[in-house]
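All remarks here apply to the structure that follows.
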There are 2 protein chains.
Amino acid sequence: MKDKIRQYFDSLVVLPDKQWLEMEHCFELVSFKKGEILLDEHTTCNFIGFMNSGIVRFFEIKNANEKVTAFWFPGEFLSNYRSFISGRKSSHYIEALSDGSFWKLRKDDLFKLYDEFPLIDRLGRKMAEQLYLMVAQRLDNLLKETPEERYKILVDKNSRLLQEVPQYMIASYLGVSAETLSRIRKRIYTK
Amino acid sequence: MKDKIRQYFDSLVVLPDKQWLEMEHCFELVSFKKGEILLDEHTTCNFIGFMNSGIVRFFEIKNANEKVTAFWFPGEFLSNYRSFISGRKSSHYIEALSDGSFWKLRKDDLFKLYDEFPLIDRLGRKMAEQLYLMVAQRLDNLLKETPEERYKILVDKNSRLLQEVPQYMIASYLGVSAETLSRIRKRIYTK
DNA sequence: CAATATTCTTGACGATCGTCAAGAAATCAT
DNA sequence: ATGATTTCTTGACGATCGTCAAGAATATTG
């Protein structure tokens, strides 16, 4: 079951078996139910995780409505990485959109691994770099494209999202209201 | 002159003098003139840098108009980090908005340092984490706040930007047209 | 200082957006 | 299956936006 994680890690840095074993037994499989809050606002995020099954969203609340920053699927990284890095309290929630589970690695365990094995420090660098790539790309998309273009790009890249996540959450992810996304779809599909 | 860089690095990881010296002599001071392109589109970014003096912007062109992703001032990190990490060609330009200079560290030199000194690998991790924090915060701001709120926040946080950078570039940075920013300012200052 | 270039503002207009409200459609639970 | 809940669509309306164009203000250059 942890093979998927190792596969992901190996794509960043190939760890010797001994180091991998040290790391492996720090992971704990955490199951969750639909609707469960995996990280609450005003809580410091003291873990990183890797999705094993299910879907999860990362969002915050502004003026009583939700702003979705990300969705996470199996194989993907899971954390409030900003809170994790900075030690500050989370302004976001992590919420399960379905039943599922993820592999959890606690901050203190990871920091011990960093100190013990330089290669794992490098792994941490690569992870941070990958996470940077993703946010930077999302920022770029948001600055450069119109809502309609953003939706089209999403359709091309992540069809699973469209099938398994309510549209009003996708609208928020795209930075528009639910009604606007409904009209964007109408515009597109009646041309 | 390189003291500022060391100060920045020390805030992330304190390096032994020997390692710092190894690193230090990899830095090259690069001067630039206003209007100069420090990184061109379709070019892979093979360096990171640290602003020594002057102002620089990071932007891309979409449908013949400019989308500004970032401005950089003395002491700040300078690179197309996405291109640097991924090795892919830049879709952005780095352009000098004034005369100035920056400390340049080439990718191959940095990678040698990574391999030689684990602590510098850790430094690289911390840098990536800091850069992540900044993009993530910018993304959050863009998703959560209205253009008017974004402008107000910018006024509070970065008055120097307002004084030294043309408004139409700031407008682009905020994700609106130049005319819209002009009207936002009018709205604010006539209340 | 004068001429030129750049940047900023303003008006007009149509497109898109958010919000509120109501009803339709789809999903879920019993 | 059916009743309840959730999600999606649509209409109406006012606010904001982008664009085009013209003129005002500011900065730069000789």
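Letters A, B, ... are given to chains in the order of the sequence lines, protein chains preceding strands, and every chain is numbered from 1.
- For D109(A), there are no side chain to side chain donor-acceptor pair (under 3.5 Å) partners two or more places apart in sequence or in a different chain.
- Not counting sequence neighbours, E76(B) has no partner by the side chain to side chain donor-acceptor pair (under 3.5 Å) test.
- Taking the 5' to 3' direction, DNA chain D first and last meets chain A under 4.0 angstrom from a heavy atom at dT7(D) to dA12(D).
- Partners of Y168(A) by ring pair (Phe, Tyr, Trp, His ring centres under 6.0 Å), not counting sequence neighbours: none found.
- Applying the side-chain hydrogen bond (donor to acceptor under 3.5 Å, both in side chains) rule to pairs touching residues 42-58 of chain B yields N52(B)-S101(B), S53(B)-S101(B), R57(B)-E66(B), R57(B)-E95(B), sequence neighbours excluded.
- V14(A) is linked by a side-chain contact (heavy atoms from CB on, under 4.5 Å) to D10(A), counting only residues two or more places apart in sequence or in another chain.
- Residues of residues 155-175 of chain B that place a heavy atom closer than 4.0 Å to DNA chain C, in numerical order, are P166(B), Q167(B), Y168(B).
- For the side chain to side chain donor-acceptor pair (under 3.5 Å) test, no residue two or more places apart in sequence or in another chain qualifies with R150(A).
- Classified by interplanar angle (parallel below 30°, tilted 30° to 60°, perpendicular above 60°), the ring pair F9(B)/F27(B) is tilted.
- Residues meeting the side-chain contact (heavy atoms from CB on, under 4.5 Å) test with S98(A), sequence neighbours left out: I55(A).
- When the C1' atoms of four end pairs are superposed on the next four at each end of the helix from dC1(C)-dG30(D) to dT30(C)-dA1(D), using five pairs per end, the two resulting axes differ in direction by 60°, to 10°.
- Residues satisfying the side chain to side chain donor-acceptor pair (under 3.5 Å) criterion with R6(A), sequence neighbours excluded, are D17(A).
- Among pairs with a residue in residues 124-158 of chain B, those fulfilling ring-ring contact (aromatic ring centres under 6.0 Å, His included) read Y81(A)-Y132(B), at least two apart in sequence or across chains.
- For the pair I184(B) and K34(B), nearest-nucleotide mapping onto DNA chain D gives the more 5' position to I184(B).
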